[in-house]
Each structure stands twice: as structure tokens, then as C-alpha cells.
Amino acid sequence: MAEYNPQAVEAKWREKWDALGVFNADPDPARPKYYLLEMLPYPSGTLHMGHMRNYTIGDAVARYRRMRGSNVLHPIGWDAFGLPAENAAIKRGTPPRDWTNANIAQMKSVCRRFGFSYDWRREISTCEPEYYRWNQWFFLRMLERGLAYRKRSLVNWCPKCQTVLANEQVVDGCCWQHDDTPVEAKEIEQWFLRITQYADALLEDMVELEGGWPERVLIMQRNWIGKSHGTRLRFPIEGAPAEKPTEKKGAKAHIEVFTTRVDTIFGAAAVILSPAHELLPSLFAGQPNRAKLEEEASRLRARILRGADLATAEKEGFFTGRFATNPFSGEKVPIWVGNFVLAEYGTGAVMAVPAHDQRDFEFAQKYKIPFPVVIQPVEGASLRAEKMKEAFTDYGRLVNSGPYSGLTSAAAIEKMTADAQAKGIGEAQTTYRLKDWGISRQRYWGTPIPVIYCAQCGIVPVPDKDLPVRLPENVLLTGQGQSPLANVPAFVNVKCPKCGGPGRRETDTMDTFIDSSWYFFRYADPHNDRAPFDPALVRYWFPIDQYIGGIEHAILHLIYSRFFCKVMRDLGLVEIREPVRRLFSQGMVLKDGAKMSKSKGNVVGAIDMAEKYGCDTARMYTLFAAPPEKDLEWNEQGIEGCARFLHRLFRLMDRHAPALSGVSARDSQPGKIGAASQKEKVLLRKAHQTLRRVTADFEARWHFNTSVALIMELVNTLHDHEPLDKHARPEVLKQVLELLTLMLAPIAPHLAEELWEMLGHQESLNAGEWPQYSAELAEEEQVEVVIQINGRVRGKICVDAGLPEEELAERAFADPKIEQLLRGARVVKRVVVPDKLVNVVVAQ
RNA sequence: GCGGAAGUGGCGGAACUGGCAGACGCGCAGGACUUAGGAUCCUGUGGCCGCGAGGCCGUGGGGGUUCAACUCCCCCCUUCCGCACCA
């Protein structure tokens, strides 16, 4: 008797698959294409159970799709730029490239070990010039179209990373990589991508994603884009010189505010500016306490960026000494500076209506600003300013609002906005929470930004023919100060491509999210050296049919990727609006309640599981332990059950397969079995029922935990019928064991191949083999029907399936026990559900 | 504060469209085989009462709809996640 040796079986099939190249996919008009993608991993060095789960889910689906006859593109690559490599270099002196490549080699070997069905010919690594030159190429195209621009601005600065962070990379006021380090505000010149230009497209195209993407991801993205409709209004500044129409810059004569509640404007008690507002210097100018005002503003400014305690921080501000005029009421209102007014949203200034906005209310209370009531509730008691404990922020009816008094809020908003426009004091405006994407990073290990600064010509793009701008090797990394590339004269000092004069290269590198924003297009044509890809190949493979990854990328990566796709569409490179048709967010793998990460020291390596139990066992267990969308607390105890199961299955097959290898495939087809005995019917029925439900799991719900459970049940049934060869003809047995093996194939592929071979097959079972269940064989002949009295189970009877209602009821009443219980009772009602139950309702 | 997800045995989880709650697995208990078992096989395993047949209770809590509710409706509690002074 042979013993199941996972290591040997897995090595054998791994090599065969490799030799045959069974997972390589090329365009094929004869078969439906299926592009399945798992999120690009960062090569940290350890392939942990979180990765493992992601790839196991993907691989099960990839294998299933192949068995269903699809031409499956299933690629993988490495998100190889990024800070950890640089930090490792600083700490250990290993060049980032060496560290990264060693990690890739390590993780790749684990992927190969697990037999994930990737087309390795398409492997990419984003730190290779062959890849990142196209990052540069895209940047240049965006620069040409005004989608990339340079701006001096306040940025989020992580003192640990020594670099700028995008808004999306700030979490609870801290760096997304260092949750113990608050982000600092710093003013710096950097490159931005104009993602805001696509805000509406990003929002509107979501209709294409409805149904295919998890609802919560769409909601998160919608909130992130944060579209809101309102009114932009101009409050003239008292004592300011009249604005010259010809003069674009200089002291403006008015303050612009944005509001969604123009109906409350007669209650405006002040105008409040952000501490970073551009008009502050001109407002302070000429005032005796100017120095003090500027000092105050700069103190508040230090904390205007997103911060952990910002939402709860006490409101603070000061009066600028200047006044503005309410354009509707003509009233004079003081101009204040307030820490709660965001510089980067709307116009960076608000009209304060304390009676009808909670923030303004708190500010007004603290600084004794009046709060006139101008909106009254439609129903209920009238509001009186002196009695208010909080702002009344609902819609209502206008009072004390001049000609608008009596209107409802909704009507007033419409009319007042139209009037503002007519009078030239304002207009309707849509604003977004989404901000442009700051992509400059003062780091070494990233894509160089392909720009040269020339004293004569200004910002000069590197010509396409000079791409890639290569990242120099052997750069000294200290982790201090500005971009490490600035210390490499050979890199920095170049001739201006335009005038040939002395130029200086940009020394910042790109945010690594650029790399992952378009990598999936590259998989379609990974070795193209003349273009990022051949549009015809992308046309064949796209859109991605199924993308699988962690929920943590719901915003960052997935919004950037959608943005890139839209830019590419405008460049004429692709035809699609959205790159990903279906998205699946798998749950995290937790250990001790936290996500696995090196810094927390709770990493469970996939390779350890492979060595201890075998890859198939590890795969099966990750699918079995929980439905894939749920978080999974890693617990090694349960894995034993899967190991036991696979050993048991192997022994079962080993007992019976040798006698079956000669049975012809034709004789064991569902339709060719002929009259079956009762025991044969039980086995065939269980097999076909299992197939029906496992197929349904793969097609729709992806609840692979139940698929595994069903397969276990089938094996238990077989076990209960030992000795099988005494109860069933060889062709029946062969059919059942084959179905079992095929169903196992996406989940435990190595063992399935081995079993398939044991059953007498010469060829690998990869292509187009997924069986069709037989409805006839799956059908139950007898069913157990529950008999209830007043909803309580009082008996069970076994009847022929499909027994008509009347007969079923008769049978129920005829049951001796039921008869006895019903004796003397008055039957009020009976409910009969064929094949399920009979409920008799009796009067109490 | 706003938005979302989820609460079922000792544990992971099942129950597809309202129809036997606890599939499957872990763990645990007992037994068989064995020099041995942490291998394998068999039996049992939500709680309470009962020798037993059986009965009662039970899906976070409280109401409701229904012949029938883990599932639908209302209120509340808890946990997790996302956003958060967005005007």
C-alpha cells in the first residue's frame, strides 16, 4: 500500500507543469478569454499567509476557469520600488537592487513551490528600466497635456521616511508606514498629477462597476471623491482698492467663499479664512499689529494639515482687524482666521453662520460673535438665538432674510444662486474633496522623474529617445536630507536638451503607486521595447475579468489605476473606460488579532506550512477555514483536519484506482451507466449533487469553504460504503472517483493530478475537463418530510420525492404518532410544502 | 458625528429564494488495533431536565409580522473597518 507523500507528489507535478508550459496563455480567438489578476506583491522577502490566501483564491479560480475551457491569463510580478529596500540599504549597506532581487528570488521560489498557475513568461519587476521607462513615458505624455504640473505647496512630510506623502498615504495623521509618527507640514516644490480633472469621470464611470465591485469599495471611492454642489460667493473687502480688471495678481478686492447653504447667508456673522489663505498678507498689510497677526497665522498654519486630533481639536482663531460686506444683506462682517477652515477645500474661506452650522456655532460662542437665526423649522417651536444650545442645521423656512423671507431652504438656494449670478456676486459651483496627486518623493529607490531644469529654458522634458532616465547604481544612502540623487553629480549635471546649455536633472523620484497604476496593462505585452504595450493585445485581454486583492487598496491603488486607464483612453492607447470588470476583496489573514507584518513580528511564512503539511493541504485549509471575503485569524490547529482528509482520500484511491484504470472512459460516462443498484444510486447521487453545488460555488458565491466541506462529505459517503468494489460496478466507481478528482483539482491541484494519473489517465487534467452534473442522477428519490404541530417538529416521514400536497398531508396525518398527538384536537389550518414539511395548526 | 460590515456550540464556520439551527472541520470524551501512539478506525459531543421514551430552552438584547424567523420589519447593545472641522 502506497502512502501519500505530499512533497514527492508536488515536486513531480510542478516539474511536469513547467515542462509542458500549461499555464502559458496567448491570444486565441477560438476560446473565451479570462484575465484573472491578483494584486502585485511588494517583495518584502517573506511570502506570508496573507499573500498565500490571495494567490490560493486566485489560483483556484484560474484553474477552474481553465477547466471550463477559458483561455486564462494569470500573471504575476513584483512591486519592486519602495522605501523598505532603501532602509535596508541604510541599515546593512546592501544596495537596494540586490536586497530587492534577493527578496524576489525568495518569494518567487515559494510561489513556484506552491504551484500557482502563473504564466511566468510575463513576470515583471517594476524596478527594471524596461518597466519604469514607461512610467517616465506616461509622465511625459501627462506633462504635454498639462496633467502633470509643478507647484509649491504645503505637504505631508513624514520625518521617518524623510519624504512627502500623498493625502491618501496619511492615516490618522500619521504616515501609512509609520503609525507612530505624526506627519508634519512642510512647504516644498513638487510634481502633481491632475487627477481632479477626472473627478467626474471617476464618479460617473462607477455605474460600470456596480454589481462587479463590492458596494463598500464604491462607497469609499465616492466619499473619497466627495463631490458637493454649492455656491461660490464674493464678499468685498472694506477699504480695499477697487480691483483692476487687467491685473491678475496682487491684492484682491474681495474674499471668495464656498457654501452649500447660501439660504443661510443673511445669518452670516463673519468671514473666516484658513490660516494658509493667500490673502492674509495683504489683509495684514499696513496694520499696526501686523507682526503679531502674522505670527498667529503661522502658529495656526503649522497644524492645518490632516491630523489625528484635528477633528476634535478646539477651535481657535483671531480677528484680522478688517471687515467685508455681505453681498446679499450689505451688512459689514468681521474677517477672522480660524484653524478649522481647510486651505485646500473650496476656496479656503467660509462665511460663518453660527446659528445654522455647528462649527461656526462653537467658534462664535468662544469668541462672542452673534448668531442671528435666519432659518426656522417648518414644524415645531421657533428658534431663538439666546436659547440655542447647538446650531440648527436642517433645512427649513427663511426668516429675516430680506426679499427671501418665507421661502423654503431648497427654493431659496436655487433662487439666491441664480440672483448671485445675475448680479455678478457669485455662481453655482461643484467642489470635490479629491485633491491632485502629489507624486514627488525625495527618495532614491523609485522612478526618476524625466525632467531637466535649465536656467535658459526652464522646465525641459527629457526627449522620448533619451528614455529611460536610468537610476544610477552605487549611490550612497544616508536617509538624511534631500533626495539622495542630488548627491550624484554625474546624474544631476546634464546638458539642456533644448539649448545645450548647463542643466540640472530633477532629483526626486516618483511615488511607487505610479508603478502599480498600470502594471496590469504591461502583462498583456511585457517585453515590448517600443511602447508600453501593443494596443491590439490589450484589446484582446482587457478588461480584467477578475481582480483579487485586499480591502486596504480600496482607495489608493484602485482609484489611481482607474485614473491611469482614463488618461490612457484620452491618449488613444486603450478603448475601455474601466480596467477592472469585477473586483473581489479578500479578507485579511490575522495573527493574534493583527495583520501579519514584519514589524509586528507575527508573520507566518507560507513556506513553513508547505514544508510541514504540503502545499495542497495548506491551500485547502486556507480555503476551508473561512469564506474568502472574511478576515481569517490564522490558527494552525485546524490544518490537521485537511492533512488527514487528503491522506484519507489518497488511501481510498490507492485501494480502488488500480482496479479501475482499465475501465474505459466511455463506459463510466453518466449516460452510459445503465440500471444502477440502490447503493450505486446513493454514490452517484451524492457525487452529482456535490458537483452541482461545487460548480455553483465557483460560478457565483465563491464560498470555497463549503465546496471543501461538500467534497469531504462525498469522501465520507464513499468511506461509509466500503468495500466499494463489492457494492458498485467498476464503471460506477470510476465515474464517482473521477468526479471527485476533478472537483478537487482547483483546490489541491497536485494531488488531483496524481489521483487522475492513478485512475489511468496519461495526460494532465488541465484543459476543459470540468464535468457537467447530471440532473437526473442528482435527483433524490426519497425525501424526509418534517411534520410539525404548531410549528414544533413532532415527527418525520420518508416519502417519494415530488409527492403531491394532498397525498403528503394524508401520509402525515396517518403517521401513528401524529395521529395520537392530534386526537381530540381541533385542526385550524394545515400548511403543506412538498418535499419539505407539513405543519398542522391546532386550536390551543 | 457620517458611512459600511458583522454578532450562531469550547473554536473556525454551515443553513442557497422564510421551512428540521449547528453541515464540514478542529477540539474534547469513550472505545478498537497496538510494545507504543501525537498514526489509523469506530462511537458520542449546543444547554438544561429525565433511567428511558421524551420534554423544555437556544442564533447579541427587546418588540413585531408569519402556520413557521439566524433569515423580514422597528428599537437598542457590542465589535471591527473606512471617512472625519469638506463649509
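All chains are named by letter (A, B, ...) in the order of the sequence lines, taking the proteins before the strands, and each is independently numbered beginning at 1. Only heavy atoms go into these numbers, but all of them, side chains included; no hydrogens, no water, no symmetry mates.
- Side chain of Trp224(A), nearest nucleotide from A84(B), C20(B), A15(B): A84(B).
- Going from atom CD1 of Ile219(A) over to atom C1' of C83(B) covers 12 Å, rounded to whole Å.
- Residue contacts for Ser228(A): at a heavy-atom cut-off of 4.0 Å it reaches the sugar-phosphate backbone alone, with no base atom in range.
- Contact annotation: Arg651(A) reaches the phosphate of C41(B) (side-chain N/O to OP1 or OP2, under 4.0 Å).
- Comparing G13(B), A87(B), C24(B) by their nearest atom to the side chain of Ala626(A) picks out G13(B).
- Of the candidates A87(B), A84(B), G3(B), A87(B) carries the atom nearest the Asp357(A) side chain, counting heavy atoms from C-beta on.
- One C1' atom belongs to C48(B), the other to C11(B), and the distance between them is 22 Å to the nearest Å.
- Only the P atoms considered, C51(B) is 31 Å distant from C70(B), to the nearest whole Å.
- Within 4.0 Å of Lys630(A), counting heavy atoms only, lie sugar-phosphate atoms of the nucleic acid but no base atom.
- Listed nucleotides C85(B), G55(B), A84(B) differ in distance to Arg794(A); the shortest reach to its side chain belongs to G55(B).
- One finds no salt bridge joining Glu316(A) and Lys366(A) here, because no Lys/Arg side-chain nitrogen approaches an Asp/Glu carboxylate oxygen to under 4.0 Å.
- Under a cutoff of 6.0 Å and an axis angle of 45°, Lys315(A) and Phe340(A) form a cation-pi pair.
- OP1 or OP2 of C26(B) lies within a sub-4.0 Å distance of a side-chain N or O belonging to Arg644(A).
- Residue Gln788(A) is in base contact, counting any heavy-atom pair closer than 4.0 Å across all strands shown.
- Here the nucleotide nearest the side chain of Arg433(A), chosen from A14(B), G25(B), C83(B), is C83(B).
- Here Leu837(A) lies in heavy-atom contact (under 4.0 Å) with a base.
- For the side-chain contact (heavy atoms from CB on, under 4.5 Å) test, residues two or more places apart in sequence or in another chain that qualify with Asn5(A) are Gln7(A), Ala8(A).
- C80(B) and G30(B): their C1' atoms are spaced 40 Å apart (whole Å).
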Item checked: Pairing annotation in dot-bracket form, given for RNA chain B with Watson-Crick or G-U pairs under 3.5 Å and | for cross-strand partners -> (((((((..(((......[....)))((((((.......))))))((((....))))..(((((..]....))))))))))))....

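- For the pair Ile639(A) CD1 and G25(B) P, the computed distance is 16 Å after rounding to whole Å.
- In G9(B) the base sits syn relative to the sugar, since the glycosidic angle is no further than 90° from 0.
- Residue Val841(A) has its side chain nearest to C67(B) when only C67(B), G82(B), G19(B) are considered.
- Under 4.0 angstrom from either OP1 or OP2 of C67(B) there lies at least one side-chain N or O belonging to Lys829(A).
- Considering only the side chain of Arg359(A), C85(B) comes nearest among C85(B), C26(B), C24(B).
- The aromatic ring centres of Tyr432(A) and Trp224(A) sit 6.0 Å or more apart.
- Taking atom C1' in both A21(B) and U59(B), one finds a spacing of 7 Å when rounded to whole Å.
- Of the candidates C83(B), C67(B), C24(B), C67(B) carries the atom nearest the Val831(A) side chain, counting heavy atoms from C-beta on.
- When distances run from any side-chain atom of Asn705(A) to the nucleotides G13(B), U40(B), G25(B), the shortest one goes to G13(B).
- Here the separation of A15(B) from U71(B), taken at their C1' atoms, is 10 Å to the nearest Å.
- Between the side chains of Asp263(A) and Tyr395(A), no donor-acceptor pair is found at a separation under 3.5 Å.
- As rounded to whole Å, 18 Å separates atom P of G4(B) from atom CD of Glu629(A).
- Separating the CZ atom of Arg693(A) from the P atom of A14(B) is a distance of 12 Å, rounded to the nearest angstrom.
- For the pair Arg53(A) and Glu629(A), the salt-bridge criterion is not met [side-chain N within less than 4.0 Å of a carboxylate O].
- In this structure, the side-chain contact (heavy atoms from CB on, under 4.5 Å) partners of Gln358(A), at least two apart in sequence or on a different chain, are Phe361(A), Glu362(A), Glu390(A), Ala391(A).
- Between Arg701(A) and the phosphate of A15(B), there is a side-chain N or O to OP1/OP2 separation shorter than 4.0 Å.
- A gap of 23 Å separates the P atoms of A5(B) and C86(B), to the nearest Å.
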Next item on the list: Given side-chain contact (heavy atoms from CB on, under 4.5 Å), test Asp720(A) with Leu718(A) step by step and report yes or no.
Entry: CA-CA 5 Å; Asp720(A) 292 344; Leu718(A) 291 171; over 6 Å; no

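- Computed from coordinates, the Leu218(A) CG to C83(B) P distance equals 16 Å when rounded to whole Å.
- Using P as the reference atom, U65(B) and C74(B) are 15 Å apart when rounded to the nearest Å.
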Got a list of side-chain donor-acceptor pairs under 3.5 Å for residues 209-221 of chain A, not counting sequence neighbours?
residue, atom, partner, partner atom, Å
Glu210(A), OE2, Arg222(A), NH2, 3.1
Trp213(A), NE1, Val580(A), O, 3.0
Gln221(A), OE1, Arg562(A), NH1, 2.7
Gln221(A), NE2, Ala554(A), O, 2.9

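- Backbone-only engagement by Arg648(A) is indicated by non-hydrogen atom pairs under 4.0 Å involving sugar-phosphate atoms exclusively.
- For Phe318(A) and Trp336(A), the ring centers are positioned 6.0 Å apart or more.
- A distance of about 23 Å separates the C1' atoms of G63(B) and C56(B), rounded to the whole Å.
- Heavy-atom distances under 4.0 Å link RNA chain B to no residue of residues 801-811 of chain A.
- Residue Lys315(A) places a side-chain atom within donor-acceptor reach of the base of C85(B), judged by atom type and a 3.5 Å distance cut-off alone.
- Rounding to whole angstrom units, NE2 of residue His356(A) and C1' of C85(B) are separated by 19 Å.
- OP1 and OP2 of G58(B) both lie 4.0 Å or more from every side-chain N or O belonging to Arg792(A).
- A salt bridge is absent between Glu779(A) and Arg685(A): the closest approach of a Lys/Arg side-chain nitrogen to an acidic carboxylate oxygen does not fall below 4.0 angstrom.
- Side-chain proximity of Glu784(A) to the nucleotides C20(B), G25(B), C42(B) is greatest for C20(B).
- Along RNA chain B, the nucleotide nearest Gly791(A) and the nucleotide nearest His703(A) are compared for position; the residue whose nucleotide lies closer to the 5' end is His703(A).
- The stretch residues 686-710 of chain A participates, sequence neighbours left out, in these salt bridge (Lys or Arg N to Asp or Glu O under 4.0 Å) pairs: Arg65(A)-Glu699(A), Arg68(A)-Glu699(A), Lys686(A)-Glu713(A), Asp697(A)-Arg701(A).
- Between Gln637(A) atom CD and G38(B) atom P there is a gap of 15 Å when expressed in whole angstrom units.
- In summary, Lys817(A) and Asp815(A) do not engage in a salt bridge, as defined by a charged side-chain N under 4.0 Å from a carboxylate O.
- The phosphate of G25(B) has OP1 or OP2 within less than 4.0 Å of a side-chain N or O from Asn716(A).
- Each of Val708(A) and Lys817(A) has a nearest nucleotide on RNA chain B; the 5'-most of these lies closest to Val708(A).
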